Every structure is written in structure tokens, then in C-alpha cells.
There are 2 protein chains.
Amino acid sequence: MAMEWLIAEDNPKDRAFLADLLSDRALRLATNGDEAFQIASSLAEPMVITDLQMPKLNGIEFARRLWRHSPQARIVFWSQHKDEMYVRSLAKIIPAETVYGYVLKDNEPTPLRKAIETVFLEGQCWIDPQLRPIQARTQSRNEAINDFEYEVLVDISLGLTDMMIAQRRYLSRRGVQNRLQSLYVKLGIDQERIAGDMGEAINMRARAVAMALQRGLINAYELQEEEHRFKQWLERQDSKASDNRL
Amino acid sequence: MAMEWLIAEDNPKDRAFLADLLSDRALRLATNGDEAFQIASSLAEPMVITDLQMPKLNGIEFARRLWRHSPQARIVFWSQHKDEMYVRSLAKIIPAETVYGYVLKDNEPTPLRKAIETVFLEGQCWIDPQLRPIQARTQSRNEAINDFEYEVLVDISLGLTDMMIAQRRYLSRRGVQNRLQSLYVKLGIDQERIAGDMGEAINMRARAVAMALQRGLINAYELQEEEHRFKQWLERQDSKASDNRL
DNA sequence: TCAGGTACTGTGCATATCCGCAGGTCTTGT
DNA sequence: ACAAGACCTGCGGATATGCACAGTACCTGA
């Protein structure tokens, strides 16, 4: 019985490209994270190629659930993005001794196929060399962004004030500022020397967002996801405020 | 004599994909905007498929120069991005009566080829339907971002203070704030109703950046380009300050 | 046990952001 | 000629941001 490989990819062109490249294998296709999880969890030994940005359940969350369900699953992340946020998220969910891959979409067909076979057939991890410096940064004591710092980065990226963040995260204003200060250090902003003729040159908050964008710690797609989460949180606050009025 | 089509694309996988799709035509290949311009300007009737994000000379600037050199050139922009910043930039450089196309990279091979042929062989414009709402927005009186607003958006996205922007743009601080206010209106932030329990919920500046990211008015790639431009400007300021000291 | 590190809180203060009010200049359309 | 619109400047004031100083609690490693 042929071992089926699953392709989880919402972009029709990319899905077709990959299905064509691997047309000599038995394939299953999924167009979103939910569907991918349904299929993968029904396979004895899941072999999955997955995008990271997908509707319903993104690639990271899909992988986390699958690895909880089937720790021996082999997953190749095939992404446009070498964004640090993904590298960081992955590092937190990968089970010990897991065989996985992270391949960038700018790879041509032959090296792409080779990478996939390395993971699925040879049982070796395959990490795109372009990701090396990014992985290094996620492991550096001075530069790695911890969960508190990441959380407050998301909050300022949404445009929230200190007081709103404090409310959202059950902190004091000063607590928010501590996290921000810590973040600014990790992003290297506290050391920047940019002089203006009159007054300060740099707004720390906005500068942090700029550096984070350039470093791939946030991106427009994920910011939209976070916007959605924030809106849901607001709605929960509103109904709690209504309940308190009764 | 066969009419050559030029493919300008820095991503090797995408370049190969397109060269393969159009392998029955005479093709020239370029890996950056500079090279693309050299080739295209030597063709009698340039037929170009170009990416937007390319080293040395981005797709927009390449097109602007080519259209100045050869106004009859036919250009198909083939991009990952339906970002408003690109739609906006294009609208400002397209010569009257030009035949061009804007195709998103998520199109599968057959519709992609059809779009290219529509532009090159039939002489009709082809705009990806996914871009309709974005084009509408760039033409709406209430939502279209003008050059002043765009400029100050870039500045705050870099993390500059009002006073630094004032210095950079030869304005008063109040002039900067006027532009910002105008921008906030266009982004709809002035109308947002987000209530916090204590104090303001929203930091306008950061919120503007968040909305602009989600709307594709700025993105990480272009922010890096702008970062580079700002650094160059800073260096020029420094040497001017040294000159004044003599 | 003790010291160091991490994460938090409160207070105070200087500066930046945001915005209202008032006024000015220039361009365009009627 | 005049009015409206676009864009600018100065001033004043309320609030937010950023940071210094001081202190607390908890965890971990020696």
C-alpha cells in the first residue's frame, strides 16, 4: 500500500505546482488547515507538506495539533517566508526527535523535491540555509524575543496604548512599560544613535514596530489575524461590562 | 524575426516557472531591474513580464523608465502582491493609452498565460479581478492617500518623531501634524470607537501603521527600502552639518 | 541559605503626541 | 472678483510615552 503524502496549501498555483512535482507519489490535497488536520490525522504515518499562512488553521497550529496527535508525523513547512515569527513559533512546538523540514518557496523544483525526499524518505531534517541566521537569532540570549516581549510587540503593532495593553494583559501601566523596555533592548533600539536638530529623532514604539517588520517578527498577514483576535477580545469585554450592569 | 519577450524576475523558481510556461516563445531573462531595463530598452517593441520587488531597480521604477524610453512598451506586472502601494504607484506612471497587465502570482498556469497573451497579442489590458476593490479605493475621494499623506505615513512607519519628520520634509511640527491628521481621516482611524476602561485605547500613530500594513500601503520589503533611503538622507545631513562647521 | 535574575508595581517628571483655535497663502472654478 | 479648498504656521493645553528611582515577590543555581 502506497504511503500517501499530504499537500496542505491554499494557493491554487502553488498547490498545482507541488502536486505536479510529486505526481509520481500518492497524494492527498487540502486547501486549509482544518481540512489538512482531518486528513493527516487519519493517516497512519503522516507525511505532510504544509504552507504556513492558511485559512481556518494556520500551518503552525495545524502542525502543533498534528504533532500532539501523531508525534511521529513528518512535516515539511514550505513557505514564502523566512520570517522570524515562524521560526520562533516552530521552535516552540517541535517534539523531541522529530524529523521535519523548512523549505522556502524560492527553491527550484529539483532542490525542493530533494529536500522533501530527505525528510520523508531518508528521515533527516532539512532546513533551508537561508534560515540559518534567523535561527541563530532566535537562540541568542541578547536578541531572542521572549513571550512577554512578543505579546507586547503585537499589542503596540495593533496600535494599543499602554493603558489598553495593561487592561488586556492584566498588568499595571508600569508593567507594560517594563515589557516594552525589554523589547526595545532586544531589538537594539535603545542603542540607536539617530540625532535630530530639535528634540528626539525617534519614537520608540513606532521604531520597534518598524524593526520587527524588517526582522520578520510580525507581518501584515499575521497582523490581520491578531486584529481579529483583538476584536473578539473587545467583544468579550463588552459583554462582560453588560453582565456587570445587571 | 520572432518578437522577444522579456521576463524580469529575481526569484529563481518563479523565473523558471514562467520561462517554462512560455517556452514556445523567444525569451530574454533578467534577474534585476537594472538588467531588465538594459534589455528592454534595446528591443524595438518591448514586451515585458516583470515582478515588482526586485533588486537594484524595483518593478515600478523599471516600468517608469521603460515607459519614458518606449511609451509603446507592453508590460505585464506579475506580483505576489495586491498591495495598495503598488496599485497606487502604477496609477501614477502609466502613460495614456498604454496596454498593460497586472496578474497576481496565485493564478494557475493557464489563466496566467491567457492574461499575458491578452496583453501582448491582443493589445488589451488585463487586470486581475482581485485588484478591483483596491483600485476603487485608490480612486475614492475619501480613501485615496495623496502624496503628502503617503510621505508622512512612510516617516511614521520608520519610527520618526514629528520633529524629525519636520526636519526631513522642511515643515513645521504643526505641518507634520496636519498631514498626519489628514492621513488618519483617510485610514478611517478618526472614526474608530474603541473604548478602554482607563484613558485612551488607541495610539493614533501606531494605529495608522497597523491599518496601512493591513491595507497594503506599506510592507516589510518596501520599509527596508525606505530605511535605506532614510539612512542615506541622514548621512547627507551629517556631511552638511560638517560643512557648516568650516 | 543566599545571591542573582526575572518580572512586577508605584511615583515622579520631562518630552512627545494629539488636537482645537486662529490665521495666512496659493490655486482653481464660477 | 470672490469663494472654496488645500496646505501651511503658531500657540495652548490635555494626555500619552518614556524613563529614572525605589521597592517587592518568586525562582533557580551555587
Side-chain angles (χ1 to χ4, degrees), chain A residues 141-153 155-211, chain B residues 141-153 155-211:
Chain A
R141 180 185 171 76
N142 295 328
E143 296 188 271
I145 304 294
N146 76 27
D147 289 347
F148 293 129
E149 289 153 357
Y150 190 73
E151 193 174 73
V152 81
L153 171 61
D155 289 331
I156 60 173
S157 298
L158 287 171
L160 309 186
T161 57
D162 288 356
M163 291 312 291
M164 193 66 191
I165 299 168
Q167 187 184 330
R168 188 181 189 195
R169 306 297 180 191
Y170 305 101
L171 290 176
S172 69
R173 178 177 74 107
R174 197 66 191 84
V176 173
Q177 287 171 353
N178 281 337
R179 289 186 182 187
L180 283 172
Q181 181 60 26
S182 186
L183 175 67
Y184 299 153
V185 169
K186 295 284 183 70
L187 294 173
I189 306 174
D190 64 320
Q191 298 292 325
E192 279 196 309
R193 298 280 166 256
I194 299 178
D197 290 346
M198 303 147 292
E200 294 285 353
I202 291 298
N203 170 309
M204 300 298 279
R205 212 175 190 83
R207 189 71 184 156
V209 175
M211 301 305 274
Chain B
R141 179 186 171 78
N142 295 327
E143 293 186 273
I145 304 295
N146 75 29
D147 289 347
F148 293 129
E149 287 152 359
Y150 190 73
E151 194 174 74
V152 81
L153 171 62
D155 289 331
I156 61 172
S157 298
L158 289 171
L160 308 186
T161 57
D162 288 355
M163 290 310 293
M164 194 63 192
I165 298 168
Q167 186 185 331
R168 189 182 187 193
R169 306 299 182 190
Y170 305 100
L171 288 175
S172 69
R173 177 173 68 101
R174 197 66 190 84
V176 173
Q177 287 169 1
N178 282 336
R179 290 186 180 186
L180 283 172
Q181 180 59 28
S182 185
L183 175 67
Y184 299 152
V185 170
K186 295 284 181 73
L187 294 173
I189 305 174
D190 64 322
Q191 298 293 324
E192 279 195 309
R193 299 283 166 253
I194 299 178
D197 289 346
M198 304 149 290
E200 294 284 354
I202 293 296
N203 170 310
M204 302 296 281
R205 208 175 191 82
R207 188 69 185 157
V209 175
M211 300 305 275

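As the structure is a computational prediction, the values presented were derived from the model and not from experiment. Naming convention: chains lettered A, B, ... in sequence-line order (proteins, then strands); numbering from 1 in each chain. We use all heavy atoms of the structure for the numbers below, so side chains are in, but hydrogens, waters and symmetry mates are not.
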Derivation and outcome, side-chain contact (heavy atoms from CB on, under 4.5 Å), residues B/Met204 and B/Leu180: CA-CA 9 Å; B/Met204 302 296 281; B/Leu180 283 172; over 6 Å; no

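- You'll find that the side chain of A/Arg205 is closest to D/dT17, out of D/dT17, C/dA16, C/dC18.
- Both key distances under 3.5 Å define a Watson-Crick or G-U pair, and stretches of 3 or more such consecutive pairs in DNA chain C run C:1-30 with D:1-30.
- In this structure, the CE atom of B/Met198 is 14 Å from the C1' atom of C/dT9, given to the nearest Å.
- The shortest distance between the side-chain N/O atoms of B/Asn203 and the OP1/OP2 oxygens of C/dT17 is not below 4.0 Å.
- For the pair A/Met204 CE and C/dT17 C1', the computed distance is 16 Å after rounding to whole Å.
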Trace of the side-chain contact (heavy atoms from CB on, under 4.5 Å) decision for A/Val176 with A/Asp155: CA-CA 10 Å; A/Val176 173; A/Asp155 289 331; over 6 Å; no

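- Between A/Leu183 atom CG and C/dA7 atom C1' there is a gap of 15 Å when expressed in whole angstrom units.
- Rounded to an integer number of Å, the gap from B/Gln177 CD to C/dT15 C1' is 13 Å.
- Going from atom CE of B/Met163 over to atom C1' of C/dC18 covers 15 Å, rounded to whole Å.
- Put simply, CG on B/Asp162 is 19 Å from P on D/dT15, counting in whole angstrom units.
- Closest approach of B/Met211 and B/Leu187 over heavy atoms only: CE-O, 4.3 Å.
- Taking side-chain N and O atoms only, A/Asn146 has a distance below 4.0 Å to OP1 or OP2 of C/dA7.
- No donor-acceptor contact under 3.5 Å links the side chain of B/Glu200 to the base of C/dC18.
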Taking N or O atoms only and anything under 3.5 Å, show me the protein contacts with nucleotides 8-10 of chain D, one pair per line.
from, atom 1, to, atom 2, distance (Å)
D/dC8, OP1, B/Arg179, NE, 3.2
D/dC8, OP1, B/Arg179, NH2, 2.7
D/dT9, OP1, B/Ser172, N, 3.1
D/dT9, OP2, B/Ser172, N, 3.0
D/dT9, OP2, B/Ser172, OG, 2.6
D/dT9, O5', B/Ser172, OG, 3.2
D/dG10, O6, B/Arg174, NE, 3.2

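- Here the closest non-hydrogen pair linking A/Ala210 and B/Ser157 is CB-O, 3.0 Å.
- Atom CD of B/Glu192 is separated from atom C1' of C/dC18 by 16 Å (rounded to the nearest Å).
- For the pair B/Lys186 NZ and D/dA6 P, the interatomic distance rounds to 9 Å; values are reported in whole Å.
- The minimum heavy-atom distance linking B/Ala206 with A/Gly159 is given by the pair CB-CA, 3.7 Å.
- Interatomic distance, CG of A/Asn203 versus CG of B/Leu158, reported as 11.5 Å (0.5 Å rounding).
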Pairs under 3.5 angstrom, nitrogen or oxygen only, protein versus nucleotides 23-29 of chain C, please.
none

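- Atom-to-atom distance recorded for A/Leu183:CG and A/Phe148:CZ is 13.5 Å, nearest 0.5 angstrom.
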Stepwise side-chain contact (heavy atoms from CB on, under 4.5 Å) check, A/Ile165 with A/Leu171: CA-CA 8 Å; A/Ile165 299 168; A/Leu171 290 176; 5.6 Å; no

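- Results of the salt bridge (Lys or Arg N to Asp or Glu O under 4.0 Å) test with B/Asp162 over B/Arg205, B/Arg174, B/Arg173 single out B/Arg205 as the only residue that passes.
- Closest non-hydrogen pair, A/Ile202 versus A/Arg207, comes out as CG2-CB, 3.6 Å.
- Across all their heavy atoms, A/Met163 and B/Met198 have their closest contact at CB-O, 3.4 Å.
- The base of D/dC19 is not paired with the side chain of A/Gln181 by any donor and acceptor separated by under 3.5 Å.
- Heavy-atom minimum distance, B/Lys186 versus B/Asn146: NZ-N, 4.3 Å.
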